[in-house]
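Every chain is numbered from 1 and lettered A, B, ... according to where its sequence line falls, protein lines coming before strand lines.
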Amino acid sequence: MPALSVNSFLLEKADTKPSECEDAIAVDVQALRFAIADGATEGFNSRRWAKRLVSAWIRRPPGEINILSLRDDVSALGTKSTARFARRKLPWYLEEKARQGSFAAFLGLQIAPDGRWTALALGDCCLIQETSSGASSFPISTPEEFDNRPILVPSLIDNYPRCIEHARELAGVSLPGDLLLLMSDAIACWYLGAAEQNPSAKLRLHHALAHSNRKDATSLIVEERAARRLRNDDVAIVRIEVTSV
Amino acid sequence: MPYNAEISRANPTCVIVLLDQSGSMGDPFGGGEAQLRKADFLADVANRTLHDLVIRCTKAEEIRNYYSVSIIGYGLTGGGVTSAFEGQLAGRTLVPISDVGEYPARLEDRKKKVSDGAGGLVEQAVKFPIWINAKAENGTPMCAALQQARTILASWLSEHPHCFPPVVLHITDGESGDGDPTAAGQSIIDLKSSDGNVVLLNCHLSSQRAAKIEYPSDGVSLPDPFAKTLFGMSSIMPGEFRAAGAAVGISLNEGARGFVFNADAAALVQFFDIGTRPGNLR
């Protein structure tokens, strides 16, 4: 069983309320499961959908995780989610939104007791692994690859059957001293781009996260947003430091 | 860099639609092949545009006030210029988008084709909101309508000096009945926020079976002085709006003006889409 030091951080966009944050995080250190999701603002109640996706990931019974299992899980979750609002009488504009469904980018990580890991992603949430020999990022590896129209996880997956073709799966191994970072799109883009040019900012983020210093992490993000190096979007980060395997 | 201000509840923007509701709008579209009056089709497209704006601004379970909207009709009885909203919004010149969503004049039952989840389409009953009814009467007080739009915009910009620049969509089928509109149009284009000048787009609807001219860069190919007048008072399309054109399949040159002459039904729908699509909603 690997020993992990885990910290998570969630921050809403500037000028919005914490209750409007559409990013979501779920962590179960005992089960070695971690997930982040980024609800699409354009969707119907995508905030709740993002929360449901990450919660379902960490509550999933033990078993093989792959793209097909992700599809089945999303289908079942979407059916439950749709049934819940179908009982409500909605104004015309929410009826219309509900017909379109909810959408979220999703990244789930499962670490095995021997340190091997499996990640599944659909959308632009990223897993960045930093080892003594360098860093890699999945499913997006450079800042230039982020755009505003990624394929997302829909609540009505039967209406978007081809979306699952865009899901990605990656397996890897973590060793003592490695860092695994789950990040939603804006902060991942910053981390892979602007922060690479500015190691002190990167260091400051790690220091704040490792010490659960929410105030300093928030200040850094506010400063980077103000300098327009970081897009004004919700931020979700799970930082996992592998201390032993 | 202009035209990149975020549109947010703290920094909303404004959309004005000027509808020619003069008597000639009762004529059939495009020489009659569509079997539809211009006024009817225009009202339908305007209602659909409002519908789409409301949907775009609906986040979580509320309509966020990213826009305020003005729909001005001109040509009404008495040669007037007035709000074209009906029902509870009647008489209001500038309405936050949340009120637009909450208070349509009525909801019509319509059918919509949606995915059946197996690669096909099924018809589904939907509620379609109506805010504006088709009207076609009297003359064409275009200058007065443009002046009213300018008054609304000047007030808006004094309260929202850093907003994404407001957009004015003007749809007409005939020549101005109250003088040369060039100065009134130019006075709108001259207004600006810190993010750029107001964008005035003009669309001329045709009663003839005539070739349409979309977003020209110069006035050389325009057939008459009236077309040249509308061309002259149309904004040069900013990059954001050219990108919106590309998104609906229309390639716009740098220097293209926001002007469509002899628009058919498809061109009118695209005109509204291009005019209301740009903007980074937060």
Side-chain angles (χ1 to χ4, degrees), chain A residues 12-22 24 39-51 75 78-79 82 84-86 88-104 147-149 154-163 186 225-226 228 231-234, chain B residues 1 4-12 47-48 50-64 66 97-110 112-131 162 243 247 277 279-282:
Chain A
E12 70 279 5
K13 300 175 190 76
D15 302 326
T16 63
K17 295 177 255 180
S19 61
E20 292 172 347
C21 180
E22 290 166 318
T41 306
E42 302 293 332
F44 172 72
N45 215 344
S46 294
R47 177 172 186 267
R48 191 167 296 168
W49 178 237
K51 282 187 168 180
S75 181
T79 303
T82 305
R84 192 175 288 240
F85 65 73
R88 292 170 52 196
K89 184 162 171 49
L90 300 171
W92 70 267
Y93 49 87
L94 288 182
E95 266 186 23
E96 177 78 24
K97 280 290 208 186
R99 259 193 299 279
Q100 296 166 10
S102 315
F103 300 87
D147 66 37
N148 284 326
R149 301 200 175 275
S155 59
L156 303 172
I157 197 164
D158 292 342
N159 290 358
Y160 307 92
R162 302 198 66 175
C163 74
R225 282 174 180 166
R228 296 197 169 220
R231 189 158 51 81
N232 182 21
D233 197 358
D234 297 331
Chain B
M1 192 166 55
N4 71 348
E6 283 186 328
I7 302 174
S8 66
R9 286 167 287 181
N11 192 31
N47 281 318
R48 193 166 292 280
L50 289 173
H51 166 280
D52 291 352
L53 275 181
V54 170
I55 294 299
R56 203 183 306 162
C57 295
T58 302
K59 312 285 183 191
E61 296 205 359
E62 63 172 6
I63 305 168
R64 296 185 181 171
Y66 296 123
I97 195 72
S98 61
D99 281 359
V100 174
E102 294 294 345
Y103 304 116
R106 63 184 185 280
L107 293 171
E108 285 184 354
D109 292 317
R110 293 195 181 183
K112 181 179 179 179
K113 286 198 166 62
V114 297
S115 166
D116 64 359
L121 294 171
V122 289
E123 275 201 340
Q124 194 173 51
V126 297
K127 301 280 184 206
F128 187 80
I130 302 292
W131 292 271
H162 305 298
R277 187 183 283 247
N280 177 18
L281 297 193
R282 190 175 79 205

Does the side chain of [Y] come within less than 4.5 Å of [X]'s, by heavy atoms?
X: A:T16; Y: B:R9; result: yes
X: A:E20; Y: B:R64; result: yes
X: B:I55; Y: A:W92; result: yes

Quiz prompt | Among the listed options B:E62, B:K127, B:Q124, the residue most often paired with chain A at heavy-atom distances under 4.5 Å | solution = B:Q124

Practice problem: Please name all residues satisfying side chain to side chain donor-acceptor pair (under 3.5 Å) with A:R99, sequence neighbours left out, ordered by chain then number. | Solution: A:E96

Practice problem: Quick one: list whatever passes side chain to side chain donor-acceptor pair (under 3.5 Å) with B:E102, sequence neighbours left out. | Solution: A:Y93

Exercise. Calculate, to the nearest 0.5 Å, the distance between atoms OG1 and CZ belonging to A:T41 and B:R56 respectively.
Key: 13.5 Å

Quiz item: Which distance, rounded to the nearest 0.5 Å, do you find between the CD of A:E95 and the CG of B:L107?
Solution: 9.0 Å

Quiz item: If you take all heavy atoms of B:T58 and A:K97, which pair is closest and at what distance?
Solution: O-CE, 3.0 Å

Self-check item: Heavy-atom neighbours of A:R225 CZ exceed 12 at 6.0 Å
Solution: yes

